[in-house]
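Presented below is the structure to which this report refers.
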There are 2 protein chains.
Amino acid sequence: MTEQYFGTRPTLEAVAARAGVSRATASRVVNGGTGVRPPLVDKVRQAVEELGYVPNPAARSLVTRRTGAVAVVVAEPETRFFSDPFFSQQIRGISKELSAHDVQLVLLLVEGPDDYGRISRYLTGGHVDGALAFSLHDDDPLPGITRGAGMLTVFGGRPGFPAAVPYVDADNRGGAREAVRHLQSLGRRRIAHIAGPLDQTASTDRLAGYRDMLPEADPALVAEGAFTTASGARAMAELLDRRPELDAVFAANDLMASGALRVLREHGRRVPEDVALVGFDDMVSIAEATDPPLTTVRQEIEEMGRLMARLLLRGLDQGVSGPAAPSSVITPTTLVRRASA
Amino acid sequence: MTEQYFGTRPTLEAVAARAGVSRATASRVVNGGTGVRPPLVDKVRQAVEELGYVPNPAARSLVTRRTGAVAVVVAEPETRFFSDPFFSQQIRGISKELSAHDVQLVLLLVEGPDDYGRISRYLTGGHVDGALAFSLHDDDPLPGITRGAGMLTVFGGRPGFPAAVPYVDADNRGGAREAVRHLQSLGRRRIAHIAGPLDQTASTDRLAGYRDMLPEADPALVAEGAFTTASGARAMAELLDRRPELDAVFAANDLMASGALRVLREHGRRVPEDVALVGFDDMVSIAEATDPPLTTVRQEIEEMGRLMARLLLRGLDQGVSGPAAPSSVITPTTLVRRASA
DNA sequence: CTGCCCGGTGGGAGCGCTCTCTCCACGGGC
DNA sequence: GCCCGTGGAGAGAGCGCTCCCACCGGGCAG
């Protein structure tokens, strides 16, 4: 732990000299130390310690052709990425998994529609070994870009893109079915749905789950929101206007459910007595804070992030050879019963 | 734009051969092209284009000793980092500035109190040219770590650490003074303060500004919160209990102000008639959504992020030689008058 | 007309590492 | 007792790039 501000950093050469071995042996020790006799291992370790040696990552990756870093690409036309706890939790999971494997996370924020060129250039540039991306909208150019760059990429959320790219997603459809099934088991017959933006598969999949259970449902019982509180309120008002006799609502996320809740109360409907309400996500800070607390479909967001990273790392390890595309993973959802339904 | 999935990527050598020049000349063109005659420049450019050449960053940084990346270190013992829009906006600013200079952002999330070793190792490892960090608490080990790593680091927020590290912060003290001055100009005499956690300089600086204007203020008019809505509500209740005669409140951020607002209303106090209320931050999504909308002290958060990055890049350019520590920057605040005061 | 200067170019070394290949020493089988 | 097999160590060749330095030729001063 010596000072090394100026005075060039020690190289492997220096370590080898100090330990009285060759550079090759020193390298072997630094990289795991298999096939080197214990006394030499100790000598090298000690030299490393004394010199404060740290391998030069550039030199290493020049020969290994691995960078030990992956990109996380975030398309964020509308500042949603950060404001939505969904992404932050996913990033947490990703970060945990990556750092456990000593892989670094390079954050690539898309700064606007004209910025994809930079992203693409970076990805082809060999700065990172692979990429993680979030597929927000059906027309997102990201899937095209990453495959164009020939870079192994795992997506968060099923891309609208019909290509066979690996992704991690919650069982949106199954979760939605469970939500509706629960409302039905409560004896509700006029079940409305507040959908998310229909250019996202998360929304369309949840809508599909709703329709699975209610194939004959009145189309007027479905309203489209935008995953925000305000849009949930708006959609709820619309539904009450169109079908005042509704007795249950399944909202495609908790934020919209909380907006709906407010409107229901303003219209004098008691929850759950008059109208039962189920959300999606189980964002605890929202679902537990409402009055009454929200019954909702829980998805393991951080775990999904972790899985994305794991899938990518595995694909990377399996090798440069062959189209080692990992298969996608769908994580289960669970219904969390609170008071709203 | 040829396929290059397999088949090794073209090197400078290949470009040079195709253009009929030496590797040195090709390199010159790729790096700006000064001192090379136009016809040759064109030839090289064309070869680059045809081959789809992209420089190998590892090889480049091996010799230049620059990585073209900076770390953003985020200590987040309590998941605050992402949930607080403050940081996300700051990151946006940072990302914009960095990508404009083709510098990458490596995100280092501290995964817990035991994780500082990894961070420190990474920073000393030569993976990045400099670092950006957020100083959250007075006892934060980050300032010590980055200087121990001998790495140029710019902080977001004045560190409690008494060291002379460069940082970017809003004029918290001046902003607080302005808030109180405004309340005084409204004729309020019993002005309370809801402070943030007092182990953060943002909180203590704002408290200091409050005290600047009210040196004789009753200590019972100050309550400590935690920058959250709930803590603001709690602090407000406490203040009303202790000093029911108060006629104004300056809260150290908008979140706490919104919590205070709710409690004031629950206690039958009209805002601003009975109690005038001023917040801090001007988080538009909060300040404009309350009823009445919040008068608050605005700080240019994204701009602060941009400044952090700019300061770091400048320091990096000024050179490896000498202790090129950039000086700190304090950004001005402005009072935004809405209806609450 | 000769020599010098200078812009433009190429040759080549070397950044710090990994990895293959060679070499050596030792031990065991016949 | 000899030879071969085996495991451990070292020498050396690059990985792809930048940059120093030598070189070359043309223009201009002497």
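Distance CZ (A/Arg23) to C1' (C/dT18): 9 Å, rounded to an integer number of Å. Atom CZ of B/Arg28 and atom C1' of C/dG8 are 8 Å apart (whole Å). Atom pair B/Leu12:CG and C/dG11:P shows a separation of 14 Å (rounding to whole Å applied). As a whole-Å value, the separation of B/Leu62 CG from C/dG14 C1' is 9 Å.
Along DNA chain C, the nucleotide nearest to A/Ser27 and the one nearest to B/Val63 differ in position, and the one closer to the 5' end is contacted by B/Val63. Both A/Ala59 and A/Val36 lie close to DNA chain D; mapped to their nearest nucleotides by heavy-atom distance, the more 5′-ward contact belongs to A/Val36.
Not counting sequence neighbours, the partners of B/Arg158 by the side chain to side chain contact (heavy atoms under 4.5 Å, CB included) test are B/Tyr167, B/Asp169, B/Thr201, B/Asp205. Under the rule for a ring pair (Phe, Tyr, Trp, His ring centres under 6.0 Å), A/Phe155 has no partner lying at least two apart in sequence or in another chain.
The phosphate of C/dT18 (OP1 or OP2) has no side-chain N or O of A/Thr64 nearer than 4.0 angstrom. Residue B/Arg37 has no polar side-chain atom (N or O) positioned under 4.0 Å from OP1 or OP2 of C/dG8.
The footprint of chain A on DNA chain D, defined by a heavy-atom cutoff below 4.0 Å, extends from D/dG8 to D/dG16.
The residue B/Arg65 sits close only to the backbone: its heavy atoms come under 4.0 Å of sugar-phosphate atoms, none of a base.
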